[in-house]
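Structure first, then comments.
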Amino acid sequence: MLRLAPVAALLALAFSACGSVEGTEPDGSVDAGGDSTDPAVGPVLQIGTGFPELEPLVCGQDVPIIQGIQGGYHVWGGFAATGLEPGTMAIDFGLDVGGVEVASASYEDSPVAIDGRIDYAGVAVILHADQDPDALSGTAATLRVTVVDSTGASASDSVEIVPICCSR
């Protein structure tokens with residue numbers, strides 16, 4: 001039985017590294033997630049992938065590296081959010097390998113909420129020009145997103161994925 005303790009500890013650590021949801025209220029207070037149907041909880045964000053529709057991500061999931069029509073490479077990013085004000089939002093995605101950002105997408109957009117939920121997909125998280133998609137293929141990476149609405153409320157999420165090259 002003692003031999004299982006280190007395995008259980010490693011599994012707990014692995015699952016804890018697979019994502020975290022955190023929201024910040026406009027007044028600066030932090031919400032660590034919870035029941036997204038309770039407006040008192042604050043903003044909740046769940047990272048995803050997909051094009052043209054949002055697909056949920058699970059820890060360790062393979063995500064294809066796509067060669068874009070302009071010659072660069074990207075992975076698809078997306079998110080589902082509640083508790084954020086629809087309208088102009090700052091949206092920042094990053095893909096990190098070993099603590100180093102290898103891909104990103106940062107811009108402003110105005111997603112629409114349906115029944116209080118924003119589903120947003122089709123974000124090309126573009127590999128930086130110095131990154132070789134073949135070398136990244138099969139390597140554990142962290143896909144992360146932060147969204148800030150017009151009131152200053154923000155939410156972030158991340159998940160460990162495995163980028164797989166390539167659809168050339």
request  = Decide yes or no for Ile161 and Val159: does some side-chain heavy atom of the first lie under 4.5 Å from some side-chain heavy atom of the second?
outcome  = yes

request  = Report yes if some heavy atom in the side chain of Ile118 is under 4.5 Å from a heavy atom in the side chain of Val112; otherwise report no.
outcome  = no

ask   = Do you know the tightest heavy-atom contact between Asp132 and Asp134?
value = OD1-N, 3.0 Å

request  = Count the heavy atoms of every other residue, nucleotide or ligand shown that sit under 6.0 Å from CG of Asp130, and state whether that count exceeds 12.
outcome  = yes

request  = Quick one: closest heavy-atom pair of Thr142 and Ser158, and the distance?
outcome  = CG2-CB, 3.9 Å

query = Is Ile126 linked to Val123 within one hydrophobic cluster, defined over Ile, Leu, Val, Met, Phe, Trp and Tyr using a side-chain heavy-atom separation of less than 4.5 Å?
reply = no

ask   = Same cluster or not: are Val125 and Val148 linked, directly or through other Ile, Leu, Val, Met, Phe, Trp or Tyr residues, by side-chain heavy atoms under 4.5 angstrom apart?
value = no

ask   = Is the shortest heavy-atom distance from the side chain of Ser156 to the side chain of Val145 under 4.5 Å?
value = no

request  = Among residues two or more places apart or on two chains, list those pairs meeting ring pair (Phe, Tyr, Trp, His ring centres under 6.0 Å) that have a residue in residues 79-127.
outcome  = Phe79-Tyr120

query = Would a 4.5 Å heavy-atom cut-off, applied to side chains only, mark Ile164 and Ile65 as touching?
reply = no

query = What residues form a side-chain contact (heavy atoms from CB on, under 4.5 Å) with Ser104, not counting sequence neighbours?
reply = Glu101, His128

message = Please enumerate all residues that pass side chain to side chain donor-acceptor pair (under 3.5 Å) together with Ser106, with sequence neighbours excluded.
response = Asp92

inquiry  = Checking Asp157 against Arg144 for the salt bridge (charged side-chain N to carboxylate O under 4.0 Å, His left out) test, could you report, in this order, the C-alpha distance in whole Å, the side-chain angles of both residues, the deciding distance, and whether it holds?
reply    = CA-CA 6 Å; Asp157 193 17; Arg144 58 183 164 73; over 6 Å; no

inquiry  = So, using side-chain contact (heavy atoms from CB on, under 4.5 Å) as the criterion, who are the partners of Thr139 when residues are at least two apart?
reply    = Val97

query = Measuring from Thr82:OG1 to Arg117:CZ, what's the distance to the nearest 0.5 Å?
reply = 8.0 Å

key: Exercise: identify the closest heavy-atom pair between Leu84 and Met89   = CB-CE, 3.8 Å

message = According to side-chain contact (heavy atoms from CB on, under 4.5 Å), who are the partners of Ala140, at least two apart in sequence or on a separate chain?
response = Glu160

ask   = Where do Gly87 and Pro111 come nearest, in terms of heavy atoms and distance?
value = O-CD, 3.6 Å

task = Identify the two heavy atoms, one from Asp149 and one from Glu85, that lie closest to each other, and give their separation to 0.1 Å.
result = OD2-N, 2.8 Å

Throw together a table of side-chain donor-acceptor distances under 3.5 angstrom for residues 49-62, partners on residues two or more places apart or in other chains.
unit_1: Thr49; atom_1: OG1; unit_2: Trp76; atom_2: O; d: 2.7
unit_1: Gln61; atom_1: OE1; unit_2: Val58; atom_2: N; d: 3.1

query = Does some side-chain heavy atom of Leu45 sit less than 4.5 Å from a side-chain heavy atom of Val147?
reply = yes

ask   = Are the side chains of Ile47 and Leu143 in touch, meaning some heavy atoms are under 4.5 Å apart?
value = yes

ask   = If you look at every heavy atom in Ala113 and Pro86, which pair is closest and at what distance?
value = CB-CG, 3.6 Å

